[in-house]
Amino acid sequence: MWKKIRIIILLLILATVVQNTWLDKADLAWKDNLYVAVYPVNADNSAKVSDYLRTLTHEDFEPVAEYFAREAEPYHLGLRRPIEMQLGAQVIDIPPAPPKDGSVLGTIVWSLKFRYFAWRHSPKVNVKPAIRLYLLYYDPVTNPRLSHSTALNKGRIGRVNLFGDSTYSKQNLVILAHELLHTLNATDKYDLATSMPIYPDGFAEPEKSPRYPQDLAELMGGRTPISENKAEIPKSLKQTLIGPKTAREIGWLK
């Protein structure tokens, strides 16, 4: 009896994996636009952040959809707007944080916990989303430095750390768009130890002469290289672009 139950469970897991793999490939074929749901979270439970979250509207995230529409044009996807943004209801609980030690087992366990969290905490939006991003907002006064955001391509979910202050609204969207691309298989193109963009794929204009300073940041490169040892965080999406390697990873370039 138990053997049959184990076989059934294994078959269900296999079917889920096959289904998710098929859906992942279908998404990256870009036959339809992808709907993204963003769920605000008051990460430090402060009154200041709570007040800020009450001001958020769909229009605050529309620049992200417009950015991807503009960046997709050179790749001739055939979609006017490949990404559509939806603002969901605030989520009270905080999604599990990734392990600090970065161990394989710990990461696997965290991934499963995060996916379970997302299954339980996905307030309905107008269109069922292909991607869900949990936006963890912090008061920049009490939390002047944000820890790294994380996102999973399996399950298409992200845990995005942002500042709960209108002063940082444009810069927040850069981080959001970066993590959104992680859910679509895009990889980081910067040195994890130094945060410096890696040449050439982490540069917006790798053929520029002289190479420095760069005028823009490659979105997955994270920063605008000013010199060999200095790079600046872009202040808005207008100061970034999506390079060919990233475009290839997300299915825009074959």
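In this text the structure is predicted, and so the values were computed from the model without any measurement. One is the number of the first residue; the rest follow in order along the sequence.
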Novice: Between E218 and T246, do the side chains contain a donor N or O and an acceptor N or O under 3.5 Å apart?
Specialist: yes
Novice: Are the side chains of L180 and F68 in touch, meaning some heavy atoms are under 4.5 Å apart?
Specialist: yes
Novice: How about K170: does its NZ atom have over 12 heavy atoms from other parts shown lying under 6.0 Å from it?
Specialist: no
Novice: Tell me, yes or no, whether the heavy-atom count around K235 atom NZ, taken from other residues, nucleotides or ligands under 6.0 Å, exceeds 12.
Specialist: no
Novice: When you measure from the centre of the six-membered ring of Y199, is the NZ or CZ of R211 closer than 6.0 Å and no more than 45° off the axis?
Specialist: yes
Novice: Show me, pair by pair, the donor-acceptor contacts under 3.5 angstrom made by side chains of residues 51-59, not counting sequence neighbours?
Specialist:
{"unit_1": "D51", "atom_1": "OD1", "unit_2": "R54", "atom_2": "NH2", "d": "2.3"}
{"unit_1": "R54", "atom_1": "NH1", "unit_2": "S50", "atom_2": "OG", "d": "3.3"}
{"unit_1": "T55", "atom_1": "OG1", "unit_2": "Y52", "atom_2": "O", "d": "2.6"}
{"unit_1": "T57", "atom_1": "OG1", "unit_2": "E59", "atom_2": "N", "d": "3.4"}
{"unit_1": "T57", "atom_1": "OG1", "unit_2": "E59", "atom_2": "OE1", "d": "3.2"}
{"unit_1": "T57", "atom_1": "OG1", "unit_2": "D60", "atom_2": "OD2", "d": "3.4"}
{"unit_1": "H58", "atom_1": "NE2", "unit_2": "M85", "atom_2": "O", "d": "3.1"}

Novice: Does the side-chain contact (heavy atoms from CB on, under 4.5 Å) test come out yes or no for R115 and K154, once each step is laid out?
Specialist: CA-CA 9 Å; R115 293 169 75 172; K154 299 300 182 184; 3.7 Å; yes
Novice: Transitive ILVMFWY cluster of Y116 at side-chain heavy atoms under 4.5 Å: who else is in it?
Specialist: W119
Novice: Has R223 got a side-chain atom pairing as donor or acceptor with P197's backbone, closer than 3.5 angstrom?
Specialist: no
Novice: So which pairs with a foot in residues 243-254 pass salt bridge (Lys or Arg N to Asp or Glu O under 4.0 Å), sequence neighbours left out?
Specialist: K189-E249, D201-K245
Novice: Contact between L87 and F61 at the side-chain level, heavy atoms closer than 4.5 Å - yes or no?
Specialist: yes
Novice: Check the orientation of H178 and Y190. Use parallel for under 30°, tilted for 30 to 60°, and perpendicular for over 60°.
Specialist: tilted
